[in-house]
2 protein chains.
Amino acid sequence: MASPTASLADVARHAGVSLATASRALNDAYGVSTATRAKVLAAATELDYVASPDATRLASGATRRVAVVVPHIERWFFGQMVGGLERVLAAADLDVLLYHVGDEADRRDFLTRLPARRKVDAVIVVAFPVDEDERQRLELIGAAIIAAGGQSADYPYVCIDDYEAGSLAMRHLVDLGHRRIAMIGGLDPDQPGWPVVSGRSRAYDDTLKSVGVEPDPRLVHEVEWGPTNGAAAMHRILDANPDGPPTAVFVHSDELAFGALQALRHRGLRVPDDVSVVSIDDHPLAELLDLTTVAQDVAAQGAVAGQMVLSTLGDRPGALPSGVTAPVELRVRASTRHT
Amino acid sequence: MASPTASLADVARHAGVSLATASRALNDAYGVSTATRAKVLAAATELDYVASPDATRLASGATRRVAVVVPHIERWFFGQMVGGLERVLAAADLDVLLYHVGDEADRRDFLTRLPARRKVDAVIVVAFPVDEDERQRLELIGAAIIAAGGQSADYPYVCIDDYEAGSLAMRHLVDLGHRRIAMIGGLDPDQPGWPVVSGRSRAYDDTLKSVGVEPDPRLVHEVEWGPTNGAAAMHRILDANPDGPPTAVFVHSDELAFGALQALRHRGLRVPDDVSVVSIDDHPLAELLDLTTVAQDVAAQGAVAGQMVLSTLGDRPGALPSGVTAPVELRVRASTRHT
DNA sequence: CTGAAAGCGCTTACAG
DNA sequence: CTGAAAGCGCTTACAG
């Protein structure tokens, strides 16, 4: 207990071997006799030896570090993703550096500055775009980049097909006979043009058109993601349609839908009797609120992204796929019914 | 763009100065002429230089790394905490290593093994206990330990007073005239005896006794934390009391309460007309569900824990408090009413 | 203000 | 199987 940090040299001395041998024994490399290895291990244990990761990395060149960059760790989607990611990365003995970046300027700054460069072997960006220029810089610098929960430029990704998810939701409503359908879209002011949104919105438009309905702008409202904003959007839509509410509403995410449900309740409208509600995610509370939704397994996507990192680092046999589309599935509950 | 990783030596050569001077200029230490500094900076920029963090740490001895250890990153409470933490740590230019540890064995393993030792300056444990023995080991090894969201052995902490939170909730019910009050308690099988639970439970007992009511075991049920388990607990309690439901229920957390609300609804009981519900947290959805709750600001607690880390690292003037008790506040909404 | 040199704690060819 | 030595890329007294 004397020395808080015994060094390899201490261990070697204690075991009566050279530095080189001690190092080999500890890393169980080939070419160390069983007896010697045992001696070294015993010395290490007794001295409470722990290798200095910095020295190891400096000497070996390996980094074994990956950056996980998220814009909103406090939101359900991101927590799930990070959880899934961390599990496989930690299992492979990689350190996970968590970076929380806010707005676009923050991200640019982050991607341009030091941290992402020589510090990590890979950076996983969770649900935000990296432009081609930045991607190239990172690549030049030796860091692989992987996108989880949304793709943008040309690098490996894992995410759901938003158009598919939106179509499942919309198709469900249309099949139930709905034609006057509103939409509450999610929107991130910090990432204009993020494809998640447009995929879901296109599905809305296309599905309506497929049944001969022209989308009505008064039935559509977009608000910032986050659990509390759906209510305001719902109110806005209701206010914009004094001639009567839509018979159904397609919401871009469950968290937004929770707010919409509240708004409807407060306006005296019953779900699903007066208006049906369907959204995307299958947040744990969706079940509690009997919300029909298109489910995605975000933690699983995180795990896949983690595997991709292992592939790029060569830790894992198997080619790196250029992209993985995660499955989605309609979960019908009590918030939707036929007209 | 040629060399993906220019070294300090490259920069020095390019600028026509020595290694030492280049280093000083880059770290804007004293004793470098403006002209020299400019030359070095220009060279660094041109070469796209980024210091090797490993080498810097090895040479300087500083680690600037802190481990954040959480048992359930995917839960609301933990996401909030990590978000708050990350923000202040990142601002101080500390790297945040995220470790997700599951059950007790996992944690023991983690705390005993390498990662926590020479790799980090501090470890922040989020809402789980570290025993005195482990704490001493970490201290010996030079890593400070700080508890966020619950204290246990003798190290700095930040958390709410669970007894106070529980008392606010219970007092509210009692003041509304309730006497037949049920309780749904949270429980983590991986951390038996966690004080959060007992503080809230003691408040339940004491408040009841203070109005002359003897706690009735048939009105109490404990379930694992997590959004979906509250419903089962509520059903259990209802089943155990065929003579009629309690007039109110105190739930240990909002997520649990969401389930309880669903169960009550499914049993045809109206909230608050038939039974009042109060819980703890002020989860964003609590507002949407009109749930009366005792609010705590978890992200703020995370920020405080981050400051504590800065204090221990000497980055911040001001003594390290031995503990901070975060405020709680009763938020009355529509899920409670007088009997 | 600037430089030469030692050292941080490991790993890894290169010899034996 | 084992050791001596160079090197990873920085920082920091110590001289000048």
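Keep in mind that what you see is a predicted model, and the values were worked out from it rather than measured.
Separation of the P atoms belonging to D:dA5 and D:dC1 is 23 Å when rounded to the nearest angstrom. For the P atom pair drawn from D:dG9 and D:dA13, the interatomic distance equals 23 Å after rounding to whole Å. Of the C1' atoms belonging to D:dG16 and D:dT12, the separation is 16 Å, rounded to the nearest Å.
When side chains are defined from C-beta on, B:D95 does not count as touching A:D95, because their heavy atoms never get closer than 4.5 Å. Taking the side chain as every heavy atom from C-beta outward, B:V324 and B:M308 approach each other to under 4.5 Å. The shortest distance between side-chain heavy atoms of A:R37 and A:T34 does not fall below 4.5 Å. For the pair A:L310 and A:L94, the minimum side-chain heavy-atom distance is below 4.5 Å.
Side chain of A:L58, nearest nucleotide from D:dC1, C:dG9, C:dT12: C:dG9. Closest approach to the A:S18 side chain among D:dG3, D:dG9, D:dT2 is made by D:dG3 (side chain taken as heavy atoms from C-beta onward). Of the candidates D:dT11, C:dC1, C:dC14, the closest approach to any side-chain atom of B:T56 belongs to D:dT11. Of the candidate nucleotides C:dT11, C:dG3, D:dG9, D:dG9 has the atom nearest to the side chain of B:A55. When the nucleotides D:dC10, D:dC8, D:dC14 are ranked by their closest atom to the side chain of B:Y49, D:dC10 comes out on top. Checked against D:dC10, C:dC10, D:dT11, the side chain of B:S7 finds its nearest nucleotide in D:dC10. Of the listed nucleotides (D:dG9, D:dG7, D:dA5), D:dG9 has the atom at the smallest distance from the side chain of B:S52. Minimum atom distance to the side chain of B:S33 is reached by C:dC1, of the listed D:dC8, C:dG3, C:dC1.
Ranked by how close their nearest DNA chain C nucleotide is to the 5' end, B:T21 and A:L19 are led by B:T21.
A:R24 has its CZ atom 11 Å from the P atom of D:dA4, to the nearest Å. The interatomic distance linking B:D54 (CG) with D:dT11 (P) rounds to 12 Å, in whole Å. Taking atom CG of A:L8 as the reference point, atom P of C:dC8 lies 13 Å away to the nearest angstrom. Between the CZ atom of B:R37 and the P atom of C:dC1 there is a distance of 9 Å, given to the nearest Å. Atom-to-atom, CG of A:N27 to C1' of D:dC1 comes out at 16 Å; the value is rounded to the nearest Å. What separates CG of A:L26 from C1' of C:dG9 is a distance of 13 Å, to the nearest Å.
Taking a cutoff of 4.0 Å between a charged side-chain nitrogen and a carboxylate oxygen, A:D54 and B:R65 qualify as a salt bridge.
B:R57 contributes no side-chain N or O that forms a donor-acceptor pair with the base of D:dG9 under 3.5 Å.
When both pairing distances are held under 3.5 Å, D:dG3 makes a Watson-Crick or G-U pair with C:dC14.
In summary, of the residues considered (A:F77, A:W225, A:F78), a ring pair (Phe, Tyr, Trp, His ring centres under 6.0 Å) with A:H72 occurs for A:F78 alone.
Distances shorter than 4.0 Å separate none of the side-chain N or O atoms of B:T36 from OP1 or OP2 on C:dC1.
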